[in-house]
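Let me begin by presenting the structure, written as structure tokens, before commenting on it.
Protein chains get the first letters and strands the later ones, always in sequence-line order, with residue 1 at the start of each.
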Amino acid sequence: MKTVPRNLVSLSVSTPDGIFTAHYSERGLAGINFPSKQNPAATREPENVPTKIQAWHRLTSAALKRVVAGEAPGKFPPFDLSAGTEFQCAVWQAMLQIQSGQAKSYGEIAQAIGKPKAVRAVGGACGANPIPVLVPCHRVIAAGGKIGGFSSDMNWKRTLLKREGVIVS
DNA sequence: CCACGGTGGTAGA
DNA sequence: TCTACCACCGTGG
């Protein structure tokens, strides 16, 4: 993955599970961070950003709160996935097709993007997903209903799946 | 349960 | 380039 320098605007989203941080480029939502103890503060106050981004952030906040509650997200802001490779974007796009309460295996995702043997690589692309929760990488599990892995806290994956009613072994 | 080989994409040297 | 990772998967003990 190449790191293109971009000016990102960071804003906070308060949820019952803590404060997420959302990052916006001029193209749309570019990243989300899980709450962390050192509380990665927003770089700006919402009043001081372009109204376009304020509108995106309202959509992000609402969608994030719903998914964290185990509900369908509703409307998304535009996503800026320009940091990803072509392969990663294909995987992320496939993940967006998984509805709330459903799950697919890494193998099924590989098949869905027409590269049935790129199974391990799909796992790598999941870990590189810059917009967790909204791009639902937590709904990608291992074959046979096993939980699989997660980049950050495995607890988040278990919690989100459980709230959506997905049973894993 | 465990070991192992086949895989494709990515990052780093 | 080459190499060493991997959020995998199926098969075989």
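Using a 4.5 Å cut-off on side-chain heavy atoms (C-beta onward), A:Leu161 and A:Ile141 make contact. Looking only at side-chain heavy atoms (C-beta outward), A:Cys126 and A:Met95 come within less than 4.5 Å of each other. Residues A:His23 and A:Asn33 are in side-chain contact: their nearest non-hydrogen atoms beyond the backbone lie under 4.5 Å apart.
The aromatic rings of A:Tyr24 and A:His57 stand perpendicular to each other, their planes meeting at an angle above 60°, with 30° marking the opposite boundary.
Screening A:His138, A:Gln102, A:Gln99 against A:Glu164 for a side-chain hydrogen bond (donor to acceptor under 3.5 Å, both in side chains) leaves a single residue, A:His138.
Among the heavy atoms of the strands lying under 4.0 Å from A:Ala121 is at least one base atom, whether or not backbone atoms are also near.
For DNA chain C, runs of at least 3 consecutive pairs of the Watson-Crick or G-U wobble type, with both hydrogen-bonding distances under 3.5 angstrom, map to B:1-6 with C:8-13, B:8-13 with C:1-6.
Residue A:Lys115 contributes atom NZ, which lies 13 Å from atom C1' of B:dT10 at whole-angstrom precision. B:dT10 atom C1' lies 12 Å from atom CH2 of A:Trp92, rounded to whole Å.
Taking the six-membered ring for Trp and the full ring otherwise, the centers of A:Trp156 and A:Phe150 sit at least 6.0 Å from each other.
Close to B:dG9, at under 4.0 Å from its OP1 or OP2, lies no side-chain N or O of A:Thr85.
Taking A:Gln111 as the reference, nothing meets the side chain to side chain donor-acceptor pair (under 3.5 Å) condition, with sequence neighbours excluded.
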Which nucleotides of nucleotides 7-13 of chain C have their base under 4.0 Å from a protein heavy atom (B), which only their sugar-phosphate (S), and which neither (-), written as one string 5' to 3'?
BBSS---
